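Below is one structure; the comments refer to it alone.
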Amino acid sequence: MATSNIKQALHTGISVYNMQESLEWYKKNLGFELVKDDGYTPPLKAKICFIEHDGYQIELFEYDDPKPIPEDRLMPNTDLQTVGTKHLALAVDDMEAVKKDFVANGVDIAHEVHMGADSVMFIRDCNGVLIELIQAPQE
């Protein structure tokens, strides 16, 4: 069976408007650190960097001519109706503390909801990309 050869998830790719601004945003707000800078890749006409937090990596692309996110992709509920990859989700221990830091840093909070016993918050990064944060109940 082919699936027995799959070992692990490696990374998620996100296109950004400005690499330096995005690197700073992900470090300041989510604790990601730059682990690899591939620089400019001429065949793609893009800069590429990898950031990591707790073993999870994101590959950031800054293209010479980025196309903006369509308006309906900026809201979680309308974005979910569009076929394709939706968002990345991160677990948090204390949603209130995370929210307090986000508010202090001017992070764009898109949506907050309780899904069963989970507390869920969607934010937008500095490019408008949706990120979901989930706090499960403490056991």
Side-chain angles (χ1 to χ4, degrees):
M1 178 184 285
T3 57
S4 64
N5 290 321
I6 296 174
K7 297 178 182 179
Q8 67 184 29
L10 296 176
H11 64 265
T12 299
I14 297 177
S15 291
V16 301
Y17 292 111
N18 180 290
M19 185 64 74
Q20 192 57 45
E21 179 184 3
S22 297
L23 290 171
E24 292 168 10
W25 190 94
Y26 276 86
K27 180 176 183 164
K28 178 179 181 180
N29 295 295
L30 299 176
F32 280 83
E33 296 287 341
L34 177 65
V35 293
K36 185 178 178 198
D37 184 346
D38 286 344
Y40 189 78
T41 306
L44 293 180
K45 297 182 181 177
K47 295 177 191 171
I48 301 172
C49 288
F50 285 83
I51 56 177
E52 184 175 315
H53 177 56
D54 201 24
Y56 177 69
Q57 290 191 356
I58 298 174
E59 182 179 19
L60 299 176
F61 298 89
E62 179 192 325
Y63 280 88
D64 288 348
D65 188 23
K67 295 177 179 33
I69 298 173
E71 194 70 29
D72 64 341
R73 298 288 315 262
L74 295 173
M75 289 302 299
N77 290 339
T78 55
D79 182 48
L80 290 172
Q81 297 171 29
T82 304
V83 174
T85 305
K86 302 291 99 200
H87 56 263
L88 60 100
L90 305 170
V92 301
D93 290 330
D94 185 345
M95 188 69 79
E96 287 304 314
V98 169
K99 182 178 179 179
K100 182 178 176 184
D101 289 343
F102 287 163
V103 169
N105 291 342
V107 171
D108 186 5
I109 298 173
H111 185 68
E112 295 177 79
V113 67
H114 287 279
M115 302 288 290
D118 293 348
S119 180
V120 177
M121 180 189 314
F122 279 89
I123 61 171
R124 294 181 193 96
D125 76 359
C126 57
N127 306 282
V129 175
L130 289 169
I131 299 168
E132 182 180 19
L133 300 136
I134 302 170
Q135 179 183 347
Q138 303 296 323
E139 293 184 19

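This one's a predicted model, so the numbers in the text were calculated from it and none came from an experiment.
The side-chain heavy atoms of Lys99 and Glu112, taken from C-beta on, include a pair separated by under 4.5 Å. Using a 4.5 Å heavy-atom cutoff, the side chains of Lys36 and Ile48 are not in contact. Contact check for Pro137 versus Asp118: side-chain heavy atoms found under the 4.5 Å cut-off. Side-chain contact between Trp25 and Val107 is present, with at least one heavy-atom pair separated by less than 4.5 Å. Side-chain atoms of Leu30 and His53, non-hydrogen and from C-beta on, never get closer than 4.5 Å to each other. At a threshold of 4.5 Å between non-hydrogen side-chain atoms, the residues Leu23 and Lys27 do not count as touching. Side-chain contact check for Val120 versus Glu132: some heavy-atom pair is nearer than 4.5 Å.
Side-chain atoms of Gln135 come within 3.5 Å of backbone N or O of Met95 as a donor-acceptor pair.
Under a cut-off of 6.0 angstrom, the local environment of CG in Asn105 is crowded, with over 12 non-hydrogen atoms contributed by other residues, nucleotides or ligands. In the displayed structure, Lys45 atom NZ is contacted under 6.0 Å by at most 12 heavy atoms of other residues, nucleotides or ligands.
A single hydrophobic cluster is not seen to contain both Leu80 and Val113; linkage of ILVMFWY side chains at heavy-atom distances under 4.5 Å, directly or through other members, places them apart. Under the 4.5 Å side-chain heavy-atom criterion for grouping Ile, Leu, Val, Met, Phe, Trp and Tyr, Phe61 is connected to Val35 within one hydrophobic cluster. Both Val16 and Leu34 are members of a single hydrophobic cluster when ILVMFWY side chains are connected at heavy-atom separations under 4.5 Å. Residues Ile134 and Phe102 are members of separate hydrophobic clusters, defined by side-chain heavy-atom contacts under 4.5 angstrom among Ile, Leu, Val, Met, Phe, Trp and Tyr. Cluster annotation: Leu88 and Phe50 are assigned to distinct hydrophobic clusters (Ile/Leu/Val/Met/Phe/Trp/Tyr, side-chain heavy-atom contacts under 4.5 Å, transitive).
For the side chain to side chain contact (heavy atoms under 4.5 Å, CB included) with Glu96, the qualifying choice from Val98, Asp94, Val92 is Asp94, the only one to do so.
Of all non-hydrogen atoms in Tyr63 and Ser15, the two that sit nearest each other are CE1-OG, 3.9 Å. The shortest heavy-atom contact between Met19 and Leu60 is CE-O, 3.4 Å. The minimum heavy-atom distance between Phe32 and Tyr56, with the atom names listed, is CE2-O, 3.5 Å. The minimum heavy-atom distance linking Gln57 with Leu10 is given by the pair CB-O, 3.7 Å.
To the nearest 0.5 Å, the span separating SG on Cys49 from CD1 on Ile58 amounts to 12.5 Å.
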Side-chain polar contacts of residues 121-131 - donor-acceptor pairs under 3.5 angstrom, sequence neighbours left out - could you list them?
from	atom 1	to	atom 2	distance (Å)
Arg124	NE	Leu74	O	2.8
Arg124	NH1	Asp108	OD1	3.0
Arg124	NH1	Asp108	OD2	2.9
Arg124	NH2	Leu74	O	3.0
Asp125	OD1	Asn127	N	2.7
Asp125	OD1	Gly128	N	3.0
Asp125	OD1	Val129	N	2.9
Asp125	OD2	Tyr26	OH	2.6
Asp125	OD2	Asn127	ND2	3.3
Asn127	OD1	Tyr17	N	2.9
Asn127	ND2	Ser22	OG	3.1

